[in-house]
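This report refers to the structure that appears directly beneath it.
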Protein chains: 2
Amino acid sequence: MDVDARKLRILQAIVEDYILSNTPVGSRTLSKTSGLGVSSATIRNEMADLTEMGYLIQPHVSAGRVPSAKAYRLYVTQLLPQGMHEEELTSARRAFTSRVRDMESLVSQGAAAISDLTHYTALVLTPRQSDLTVRSLHLVPVGRERALLVIVTDSGVIRDTSIRVSSRLDAQALYTIGQMLTERMRGLTLREVREMLYGYAASSDADARVLSGIADLAAQVEKQTGSDRVMVGGAHSILYYPEYADVCRARAFMDALERKDSLIAMLRQGEDQLSVRIGTETGIPEFSDCSVITAPYRIGRGHTGVIGIIGPTRMPYARMLDMMRMFSQEMTAALSVKE
Amino acid sequence: MDVDARKLRILQAIVEDYILSNTPVGSRTLSKTSGLGVSSATIRNEMADLTEMGYLIQPHVSAGRVPSAKAYRLYVTQLLPQGMHEEELTSARRAFTSRVRDMESLVSQGAAAISDLTHYTALVLTPRQSDLTVRSLHLVPVGRERALLVIVTDSGVIRDTSIRVSSRLDAQALYTIGQMLTERMRGLTLREVREMLYGYAASSDADARVLSGIADLAAQVEKQTGSDRVMVGGAHSILYYPEYADVCRARAFMDALERKDSLIAMLRQGEDQLSVRIGTETGIPEFSDCSVITAPYRIGRGHTGVIGIIGPTRMPYARMLDMMRMFSQEMTAALSVKE
DNA sequence: TGTTAGCACTCGCAAGCATCGAGTGCTAAC
DNA sequence: GTTAGCACTCGATGCTTGCGAGTGCTAACA
């Protein structure tokens, strides 16, 4: 059997009706409201075909039809209405840019901002940074035996951590050490820096305090740069959708959000382009009734992070895709201006 | 009427039974399980008195009794069992200290750690910092026209923000400016620094770039130090309590957690000592079925932050009080070692 | 005078049952 | 190919009923 033009139009009407109403769509209501100009009986016939083909699901024999994941997939791939809601988009853009003005807040508050503006749960994956190259290193005294290590990379990203240093080192000495480290490490990747520092810790004949300081530093650098980090914003948004009126489901959803490693894997998969994953396509069982829209953002030369939203499969895809595309552009723009 | 010793014992038994079971406590079960050595009829008489006095509530005539907020208050004030669960406490202490090893993670991850260990929603209020005094300032170049401003205070707290600076300033110039600023501002409070910087911005005859950089900086300092910040951890913990099986209630709870200003006001109220607030004592309508336990922690000389947990009034108060006391000690210890 | 056994009574809860109505599938007519 | 008509399905709603945990009261007892 073939999905002809009329079937497509009916399917589109069902999906869009269901997205708004969250109740099974009946043939009678559809023939009245959709403006297709055919009677309910005709629509019933087509619906029977679409059900047979797996695009529609009947919760029970005397209820209307509900779109399946396959239907959403078809809808997103072929049926998305284009270029609407310009005014909504520009106001969201304004709200977003005014909130994430500086780079630090971009990643930490980005998730909250995206969630606020979409009313879905937002995910932000920070770029992996082991292969950024170092531009300079600085040591700033912050107290007895403590210094702040600042690493400036060629993408302008700062990683700063507090480390322990020898009490014999004053501000001037730390400044000099910073310059020395900069000279030796400029142009190396963070991974190389980490390995070099482990080398130092093993071979240097300086006193134990400096040794342990450097080892500390290496460990910190490794921890902070080697692995992806993911931020979740607005997890409670899900409670506003009737799909999650059951607390057990909401709980399972939120627990899944805590398992950062699987989230990271999911986000990394759609790393290079705007993508929609529907139901089981997410690869996470708890999200099999959800859809995930992800978009990459770039920081410096080719290092990508990912932003995403997650919500019930019943989602206004067109609007959300436009929004995510916009957020991605804004994040990338914000991060490249600051270099 | 008087609350005699036997009434107290019965009330204690009811509260503790209810905390575990979350079902109204009946006279028959109580006489069998509590080991009070009196019959159910006697307990019924006492229960009737306690109900009349406002300590117990009857959901309906043929259900057992449920403790009122007044009962919890009496329980917390007079009836708390002392010095138990040492082993649980030490294991929690170990888990906590291993997770919040350095100062940066202490505040940001503290909320998550406390929530994980208590299974309640955790709150961490950062100390107000406008009256810390400055020890030194540093400017670190992080890219074209951008520098990292690091403020070191006498409590060892670092506030760092990224600011815009003139492109004509290289690393050496920034270092010198940092030294100059340090000389002028050492010993001033952050508030004075902010005002001084506004003065600079208004009066200086340097070029516009430096002016705007300084103004930027002043605004940032004001933003980051003037106001309290509160972190919420484990908001979804609430979903595990049957009291919040209704999604509407859970939603109201989480929405209330988003209103940071009222949270801050609540936390600041119990600022100086370990405190329990029950039901309406929290001062937040959405939390009128909740209890809040807060404990102060100290950073440097006298600057206090507050940690707290929030959950249903049906809460194992003795254990949680011990835990919060411990967390408060650990936070204070961790923050004073790092000075 | 305080405690206890006994008993009638209350009322939420779950199960059973009838009713309702939105929506379907099928058939026959257009 | 489309449509009107009609019997049928089945979840949702609402009502009744029986059950049982728990109460309050009374009278007997120590």
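Letters go in sequence order (proteins before strands), and every chain restarts at 1.
Shown are R65(B), Q58(B), E46(B); of these, the side-chain hydrogen bond (donor to acceptor under 3.5 Å, both in side chains) with T51(B) is made only by R65(B).
The CE-P distance, from M47(B) to dC25(D), rounds to 15 Å in whole Å. dT24(C) atom C1' lies 10 Å from atom NE2 of H60(A), rounded to whole Å. For the pair L36(A) CG and dT3(D) C1', the interatomic distance rounds to 16 Å; values are reported in whole Å. I43(A) has its CD1 atom 10 Å from the P atom of dT24(C), to the nearest Å. At whole-Å resolution of the value, CD in Q58(B) and C1' in dG24(D) are 10 Å apart. Atom CG in L30(B) sits roughly 14 Å away from atom P in dT4(C) (whole-Å rounding). Look at CD1 on I57(B): it is 17 Å from C1' on dG22(D), rounded to the nearest Å. Computed from coordinates, the D4(A) CG to dG1(D) P distance equals 11 Å when rounded to whole Å.
In terms of heavy-atom proximity, L20(B) sits nearest to R314(B) at O-NH1, 4.3 Å.
Checking dC10(D), dT10(C), dT24(C) against every side-chain atom of S62(A), the shortest atom distance belongs to dC10(D). The side chain of V61(B) lies closest to dT10(C) when the candidates are dA5(C), dA4(D), dT10(C). When distances are taken from the side chain of A41(B) to each of dG22(D), dT3(D), dA5(C), the shortest belongs to dA5(C). Checking dT3(D), dG23(C), dA5(C) against every side-chain atom of T29(A), the shortest atom distance belongs to dG23(C).
Across all strands, S40(A) comes closer than 4.0 Å to no nucleic acid atom at all (heavy-atom distances). Across all strands, T42(A) comes closer than 4.0 Å to base atoms (heavy-atom distances).
Side-chain N or O atoms of R277(A) include none that pairs as donor or acceptor with a backbone N or O of I293(A) at under 3.5 Å.
Residue-to-nucleotide contacts include a donor-acceptor pair under 3.5 Å from the side chain of R44(A) to the base of dG5(D). Applying the 3.5 Å distance criterion, the base of dG23(C) shares no donor-acceptor pair with the side chain of R28(A).
Checking dA28(C) for Watson-Crick or G-U wobble geometry (two distances, each under 3.5 Å) identifies dT3(D) as its partner. With both pairing distances under 3.5 Å, dG12(C) is matched to dC19(D) as a Watson-Crick or G-U wobble pair.
Where E46(B) and P59(B) meet DNA chain C, the nucleotide closest to each residue was compared, and E46(B) sits on the side nearer the 5' end.
Residue R65(A) places none of its side-chain N or O atoms closer than 4.0 Å to OP1 or OP2 of dA22(C).
Side chains of Y244(A) and D289(A): a donor-acceptor N/O pair is absent below 3.5 angstrom, by distance only.
A parallel orientation is assigned to the rings of Y241(B) and Y120(B), their planes being inclined by less than 30° (bins at 30° and 60°).
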